[in-house]
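The block underneath contains the structure these notes are about, expressed in structure tokens.
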Amino acid sequence: MTVNDTPIGSRTHLDNDNANDKPSRPPHFLEQIIQGDIQSGKTPQIVTRFPPEPNGYLHIGHAKSICLNFGLAETFGGVCNLRFDDTNPAKEDQEYIDAIIRDVEWLGFRWQGDVRYASSYFQQLHDWAVDLIEQGKAYVCHLTADQAREYRGTLTEAGQNSPYRERTIEENLAEFTKMREGHYDEGTCVLRAKIDMASPNMNMRDPILYRIRKQTHHQTGDDWCIYPTYDFAHGQEDAIEGITHSICTLEFADHRPLYEWFVQHLPVPSEPTQYEFGRLNLNYTVTSKRKLKQLVDEQHVDGWDDPRLPTIAGLRRRGVRPEALRKFCDMIGVTKSDGVVDVAMLEHAIRDDLDKNAPRAMCVLNPLKVTLTNYPEDKTEVMHAQGHPNRDDLEERELPFSREIFIDADDFREEANKKYKRLVIGKRVRLRNAYVIEADECVKDEQGNIVEVKARVIEGTVGNNPEDGIKPKGVIQWVDGKQHATFDVALYDRLFTDESPDAGDKDFLSLINPSSLEKKTQCVGEIGLANAVVGTTYQFEREGYFCRDTRSEILTFNRTIGLRDTFVG
RNA sequence: UGGGGUGUAGCCAAGUGGUAAGGCAGCGGGUUUUGAUCCCGCCAUGCGGAGGUUCGAGUCCUCCCACCCCAGCCA
């Protein structure tokens with residue numbers, strides 16, 4: 001006979017209504033500020049934005065920022081823009097834009113209107129630069145980069161005014177035009193704001209507004225050869241879009257006076273306010289874009305979506321669901337202190353989500369044949385298994401059962417102490433969703449390896465305990481010997497053995513965990529797994545959570561994370 | 001040594017002058033056909049330190065200490 005081999009867990013709606021069990025949490029400082037701004041009437045509707053530079057893939061730290069910005073808009077009835085801060089064509093690429101859009105969508109957020117680009121405001125930004133020149137508040141400086149550094153002073157000493165600082169407005173206008181028209185080579189001059197070379201805040205020492213980059217831009221092509229700096233662009237972009245709360249990370253706090261200076265001195269259409277929060281630091285992982293790029297470029301990992309990477313794409317390929325990431329971001333909070341979050345917290349969020357939502361299946365990683373000597377050779381019956389132990393909305397599975405089955409080699413021992421709850425010769429074990437069996441003997445090869453176990457089923461124990469009252473101590477998973485799926489499995493572990501591979505001057509490459517990936521072949525699983533759905537993460541009972549890999553040519557499952565294991569002994 | 005920021009348990013984090021929430025981790029115990037989940041209990045006489053104000057201080061004041069960020073024509 002054949003059994004129903006429709007893929008298990010194929011329903012598209014796996015979710016319970018997670019919104020209902022969202023625990024209430026005290027509002028964090030940004031929520032308190034916004035609440036006040038709404039109540040006072042200052043910002044009846046808030047507008048936030050997520051402003052990535054397309055120079056790499058998004059990682060879990062960005063997820064925190066995304067959840068914050070989109071989340072704030074969501075909870076306060078506002079909107080959030082997705083804007084690429086693409087002011088540096090030398091480092092950016094369309095590939096990153098596409099990947100970032102995909103990741104934000106996957107996380108489940110929707111932005112207001114179209115995707116925005118800082119580059120679409122280049123003309124306005126240029127005109128405002130001219131405005132500043134006309135106000136006598138900006139000048140073209142021909143100091144070289146090295147000279148400029150010397151003139152800038154140090155943290156404890158004031159800088160010196162540039163010799164070009166007192167050029168006339170007319171001269172500056174003419175020079176800036178020459179810059180824009182390409183008469184100057186890269187690095188020969190810049191446009192600077194005229195603020196205060198003695199400011200204790202380095203950012204106010206005549207910051208650069210425009211620099212020359214004779215590069216083709218991924219959005220604007222060759223329209224421009226001068227590009228605005230972050231400082232000159234960001235606040236004005238926010239003002240153009242009517243952003244009310246411009247949220248960034250702590251390291252930008254001392255840019256705030258400059259952010260405000262531009263908003264004050266330029267005829268911008270709105271006055272956004274910048275707020276800073278502490279970026280996410282996770283132990284045992286790196287989140288610096290430079291290091292992630294190096295891991296990818298030097299092929300220490302299998303691309304930006306390698307399941308061991310903390311990139312959104314990597315977490316997705318690993319089998320983590322967006323709900324888990326959002327839960328994690330909610331758990332860690334938003335403050336101005338820069339702590340290091342324990343990965344155990346991320347792992348908890350992942351397990352918590354998957355436990356509630358992953359359809360169950362049985363899989364045997366290290367197959368060991370078990371022959372049920374008292375079971376007829378030509379008989380096959382169908383066992384029934386729940387899709388999920390606490391949910392009846394997930395499809396029930398039908399499991400063929402016959403004389404020969406596979407169990408995991410780790411689940412059998414010739415002899416063992418009382419703590420071992422699996423199969424032992426002379427003892428009984430429950431086959432999950434099937435019979436209780438008792439082992440009689442095992443067969444070994446010339447090397448002494450156990451290659452087969454001979455056991456007996458105890459009659460009448462499907463759904464019941466043995467009539468003789470001798471109950472098995474444990475339950476193990478199994479797979480039918482005839483009808484099953486065969487596949488490879490990739491067991492992932494943390495990429496770094498060191499708690500802080502990202503710290504200062506460490507040679508992070510030398511801290512890579514040599515066993516962060518263990519590949520297994522010839523694993524067997526219940527027949528439905530042959531048609532496993534990409535994008536669904538299953539729980540392989542007693543083993544952990546697994547999802548079908550998106551890249552492998554042969555059927556392969558990636559281990560998202562193991563089950564919590566509190567077994568001691 | 002200039003400026004900006006932060007210090008509450010092993011980790012994250014509430015607390016907004018009235019006597020230290022919650023989560024993670026850990027440790028006990030219960031349920032269980034997943035050594036999972038779930039449930040129950042334990043886990044800061046203490047809030048970076050020292051003074052001070054107050055009937056009362058994690059919250060206010062003073063001084064001190066530690067850590068993070070800033071001297072890119074990166075963001």
Side-chain angles (χ1 to χ4, degrees), chain A residues 23-28 32 51-53 55 85 87-88 90-91 141 143-145 148-150 152-159 186-192 199-205 208-213 227 229-231 233-234 248-257 276 278 283 289-290 330-349 351-352 355-356 360 362 385-386 388-390 419-422 429-434 436 461-465 471-477 539-544 562-569:
Chain A
S24 74
R25 159 184 63 68
H28 57 67
Q32 291 178 25
E53 185 191 13
N55 65 348
D85 209 2
T87 56
N88 187 358
K91 295 188 174 181
C141 179
L143 249 26
T144 65
R149 192 178 314 117
E150 283 169 26
R152 191 151 40 228
T154 69
L155 295 178
T156 52
E157 299 161 38
E186 286 190 19
T188 53
C189 57
V190 295
L191 181 72
R192 302 175 71 176
S199 172
N201 182 342
M202 300 294 286
N203 298 116
M204 302 301 272
R205 322 249 261 226
I208 292 170
L209 273 34
Y210 266 95
R211 70 299 208 187
I212 298 166
R213 285 279 176 281
Y227 292 92
T229 56
Y230 166 86
D231 283 316
H234 206 90
C248 61
T249 44
L250 254 27
E251 66 269 30
F252 292 99
D254 30 319
H255 290 246
R256 195 184 338 121
E276 310 87 21
N283 61 14
K289 271 192 192 174
R290 197 209 101 223
D330 199 60
M331 277 171 73
I332 59 177
V334 178
T335 68
K336 298 187 76 159
S337 68
D338 66 324
V340 181
V341 173
D342 194 332
V343 267
M345 264 217 249
L346 208 213
E347 294 172 346
H348 169 79
R351 286 197 183 98
D352 186 62
D355 173 65
K356 291 182 174 72
R360 310 287 129 126
M362 289 198 290
Q386 291 175 289
H388 184 108
N390 328 307
K419 284 193 169 180
Y420 188 78
K421 304 202 302 185
R422 285 107 85 160
V429 78
R430 158 73 65 184
L431 292 179
R432 172 116 239 226
N433 301 124
V436 170
T461 52
V462 176
N464 303 300
N465 282 133
K471 288 196 281 188
K473 281 196 297 184
V475 182
I476 63 173
Q477 79 276 23
Q539 184 196 92
F540 289 174
E541 290 188 294
R542 300 210 316 128
E543 290 292 353
L563 256 25
R564 194 162 80 102
D565 185 7
T566 52
F567 177 53
V568 282

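Note on naming: letters A, B, ... go to the chains in the order of the sequence lines (proteins, then strands), and numbering restarts at 1 for each one.
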Pairwise N/O distances under 3.5 Å, protein to nucleotides 66-68 of chain B:
{"residue": "rC68(B)", "atom": "O2'", "partner": "Asp338(A)", "partner atom": "OD2", "Å": "3.3"}

OP1 or OP2 of [N] versus the side-chain N and O atoms of [X]: is any pair under 4.0 Å?
{"X": "Arg290(A)", "N": "rC74(B)", "value": "no"}
{"X": "Thr335(A)", "N": "rA13(B)", "value": "yes"}
{"X": "Arg149(A)", "N": "rG72(B)", "value": "yes"}
{"X": "Arg213(A)", "N": "rC74(B)", "value": "yes"}
{"X": "Arg25(A)", "N": "rG15(B)", "value": "no"}
{"X": "Gln477(A)", "N": "rA36(B)", "value": "no"}
{"X": "Ser337(A)", "N": "rA13(B)", "value": "yes"}
{"X": "Arg360(A)", "N": "rA36(B)", "value": "no"}
{"X": "Arg430(A)", "N": "rU32(B)", "value": "no"}

Does Arg432(A) have any side-chain contact (heavy atoms from CB on, under 4.5 Å) partners at least two apart in sequence or in another chain, and if so, which?
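For Arg432(A) the side-chain contact (heavy atoms from CB on, under 4.5 Å) partners, ignoring immediate neighbours, are Met362(A), Val475(A), Glu541(A).
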
side-chain contact (heavy atoms from CB on, under 4.5 Å) against Asp338(A), all qualifying residues, sequence neighbours excluded
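Checked Asp338(A) against side-chain contact (heavy atoms from CB on, under 4.5 Å); matches are Leu250(A), Asn281(A).
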
When the [atom1] atoms of [M] and [N] are compared, how many Å lie between them, rounded to an integer?
{"N": "rG29(B)", "M": "rC68(B)", "atom1": "P", "value": "42 Å"}
{"N": "rA66(B)", "M": "rG23(B)", "atom1": "P", "value": "35 Å"}
{"N": "rA75(B)", "M": "rC65(B)", "atom1": "P", "value": "37 Å"}

Base-pairing mate for rG26(B) - Watson-Crick or G-U, with both contacts under 3.5 Å
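Its partner is rC42(B).
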
Between the base of rU34(B) and the side chain of Gln539(A), is there a donor and acceptor pair under 3.5 angstrom?
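In this structure, the two groups form a donor-acceptor pair.
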
Are the charged groups of Glu53(A) and Lys289(A) less than 4.0 angstrom apart, N to O?
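No, no charged N to carboxylate O under 4.0 Å.
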
Please classify rG10(B) as syn or anti, treating any glycosidic angle within 90° of 0 as syn.
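With its glycosidic angle more than 90° from zero, rG10(B) counts as anti.
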
Validation row: His234(A), His255(A) side chains within 4.5 angstrom (heavy atoms):
no

Side-chain atoms of Thr87(A) come closest, of rG23(B), rG7(B), rA75(B), to rA75(B)

